Number of protein chains: 2
Amino acid sequence: MNINEVARKAGLPAKTIRYYEEIGLIRPLRGGNGYRAFRDSDMHKLSFIARARGLGFSIEECRKLLALYDDKGRASADVKALAEEHLVQIAGKIRELRAMEATLQGLVRACAGDHRPDCPILTGLADAGDACCA
Amino acid sequence: MNINEVARKAGLPAKTIRYYEEIGLIRPLRGGNGYRAFRDSDMHKLSFIARARGLGFSIEECRKLLALYDDKGRASADVKALAEEHLVQIAGKIRELRAMEATLQGLVRACAGDHRPDCPILTGLADAGDACCA
DNA sequence: CTTGACCTTCCCGTGACTGGAACCCCTATC
DNA sequence: GATAGGGGTTCCAGTCACGGGAAGGTCAAG
């Protein structure tokens, strides 16, 4: 398979696939013309990576997951530990975003939103009011 | 005021303040020795930026907010529109993260997490199972 | 033989900084 | 006067995960 076919099937841009090869996530073969020749196993790895990225795993986490995927003697506990650590990260980001959202909603509610210049949003940002930062 | 004093008061690293000057967010004066000389107004702007960044506004959004802050004839509606647009972005990110979290929690729950190699997390990532991506 | 689609590498740009090197300035002490 | 230290300055490179685009090789069809 050539790169664009793989890209379509995996749902990734060709550029991204070249990048993944460059950083050693995948190692496709090469044809005599210099074109990358993707095997089914490369395809599967790319789909795997695409889904892991879709769940928010970083490239380095994907690398670890791929290593476990390839290691037939792995312990599922190791995979679960990685996933649970990532869940903690996700939960932390959600908490941060919800705090931002709450603060900003408070400011927006207080703002008339008309033609006048008085704006509680700006004064809230300027004065370090009690309604501030996460 | 010199840069480190301002940095301490605004709760920003000195490096960040130099960066903000470089991109034109602030324009502190210069003393005869080449040192930056921050006025109170620079201080206020930096605190303003720090809080806006803490609420997740991008640098370019901060630039717009600062312009409105400086414009005594602004309409609060303009500020409110910016804030509401940002709230939409935040809500979108929260939704994405919650979807990731839900999917990953489902996989983690299904995983025994013992010494055996069988792992629903890995097969879930590999097989594009029905329990997948946001 | 040419056209056009595909492939290749290479290099620069993104956002918002962070780290480090190399160097100037100011004060205090010996 | 020399020196030590704790400021400050600039510039360069790196981060993360790619994306854009140029310059050029390859392939199948007409």
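These numbers were taken from a predicted model, which means no experiment stands behind them. Labels below follow one simple rule: chain letters A, B, ... track the order of the sequence lines, proteins then strands, and each chain is numbered from 1.
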Novice: Hey, could you give me the CZ/CG distance between B:Phe57 and B:Leu66, rounded to the nearest 0.5 Å?
Specialist: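 One finds 11.5 Å between CZ of B:Phe57 and CG of B:Leu66.
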
Novice: Within the structure, does a side-chain N or O atom of A:Arg30 lie under 4.0 Å from either OP1 or OP2 of C:dT9?
Specialist: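 Checking A:Arg30 against C:dT9: at least one side-chain N or O falls below 4.0 Å of OP1 or OP2.
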
Novice: Mind checking ring pair (Phe, Tyr, Trp, His ring centres under 6.0 Å) for A:Tyr35 and listing every partner two or more places apart, or none if nothing turns up?
Specialist: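 Ring pair (Phe, Tyr, Trp, His ring centres under 6.0 Å) check on A:Tyr35 returns nothing, list empty.
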
Novice: Rounded to the nearest 0.5 Å, what's the gap from CG on B:Leu65 to CD1 on A:Ile121? Could you check?
Specialist: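 The distance works out to 8.5 Å.
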
Novice: Measure the spacing between CG of B:Asp78 and CG of B:Leu68 and express it to the nearest 0.5 Å.
Specialist: 6.0 Å

Novice: With heavy atoms of chain B within less than 4.0 Å as the criterion, where does contact along DNA chain D begin and end?
Specialist: D:dG7 to D:dC11

Novice: Give me each pair satisfying salt bridge (Lys or Arg N to Asp or Glu O under 4.0 Å) with a member in residues 27-43 of chain A, each pair once, sequence neighbours excluded.
Specialist: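 The answer is A:Glu21-A:Arg30, A:Glu21-A:Arg36, A:Arg39-A:Asp42.
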
Novice: Rounding to a whole Å, what distance do you find between A:Asn4:CG and C:dA5:P?
Specialist: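 Taking CG of A:Asn4 and P of C:dA5, I get 13 Å after rounding.
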
Novice: With axes from five pairs an end, tell me the bend angle of the helix from C:dC1-D:dG30 to C:dC30-D:dG1, nearest 10°.
Specialist: 40°

Novice: Listed by chain and number, what are the side chain to side chain donor-acceptor pair (under 3.5 Å) partners of B:Arg53, not counting sequence neighbours?
Specialist: none

Novice: What integer distance in Å separates B:Ile17:CD1 from C:dT18:C1'?
Specialist: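 For the pair B:Ile17 CD1 and C:dT18 C1', the rounded distance is 14 Å.
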
Novice: Just how far, in rounded Å, is P of C:dC12 from OH of A:Tyr19?
Specialist: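 Nearest whole value for this atom pair: 18 Å.
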
Novice: Could you note down all residue pairs passing salt bridge (Lys or Arg N to Asp or Glu O under 4.0 Å) where residues 63-75 of chain B supplies at least one of them, sequence neighbours left out?
Specialist: B:Lys45-B:Asp70, B:Glu60-B:Arg63

Novice: Here's a test of your reading of the structure: between A:Arg18 and B:Phe57, which maps to the more 5' nucleotide of DNA chain C?
Specialist: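 The residue mapped nearer the 5' terminus is A:Arg18.
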
Novice: Specify the separation, in whole Å, of atom OH of B:Tyr20 and atom C1' of C:dG15.
Specialist: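 For the pair B:Tyr20 OH and C:dG15 C1', the rounded distance is 11 Å.
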
Novice: Tell me which pairs pass side-chain hydrogen bond (donor to acceptor under 3.5 Å, both in side chains) where either residue lies in residues 84-95 of chain A, with sequence neighbours left out.
Specialist: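 The answer is none; no pair qualifies.
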
Novice: By side chain to side chain donor-acceptor pair (under 3.5 Å), which residues pair with B:Thr16, not counting sequence neighbours?
Specialist: none

Novice: Within this structure, what is the CG-CZ distance for the pair A:Leu97 and B:Arg98, rounded to the nearest 0.5 Å?
Specialist: 11.5 Å

Novice: Would you please say whether a donor-acceptor pair under 3.5 Å links the side chains of A:Asp114 and B:Ser76?
Specialist: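 A pair is found: one side chain offers a donor N or O, the other an acceptor, under 3.5 Å apart.
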
Novice: Nucleotide by nucleotide, 5' to 3', does protein get under 4.0 Å of the base (B), only the sugar-phosphate (S), or neither (-) in nucleotides 21-26 of chain C, counting heavy atoms?
Specialist: ----BS

Novice: With sequence neighbours left out, what residues match B:Arg109 under side chain to side chain donor-acceptor pair (under 3.5 Å)?
Specialist: none

Novice: Can you list, by residue number, the residues of residues 81-91 of chain A that have a non-hydrogen atom closer than 4.0 angstrom to DNA chain D?
Specialist: none

Novice: Does C:dC7 have OP1 or OP2 sitting under 4.0 Å from an N or O in the side chain of A:Arg36?
Specialist: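 No, because none of the side-chain N or O atoms of A:Arg36 sits under 4.0 Å from OP1 or OP2 of C:dC7.
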
Novice: Which part of the nucleic acid does A:Ile23 contact within heavy-atom distance under 4.0 Å: base, sugar-phosphate only, or nothing?
Specialist: nothing

Novice: Can you give the donor-acceptor pairs under 3.5 Å from side chains of residues 1-10 of chain B to other protein atoms, not counting sequence neighbours?
Specialist:
{"residue": "B:Glu5", "atom": "OE2", "partner": "B:Lys9", "partner atom": "NZ", "Å": "3.2"}

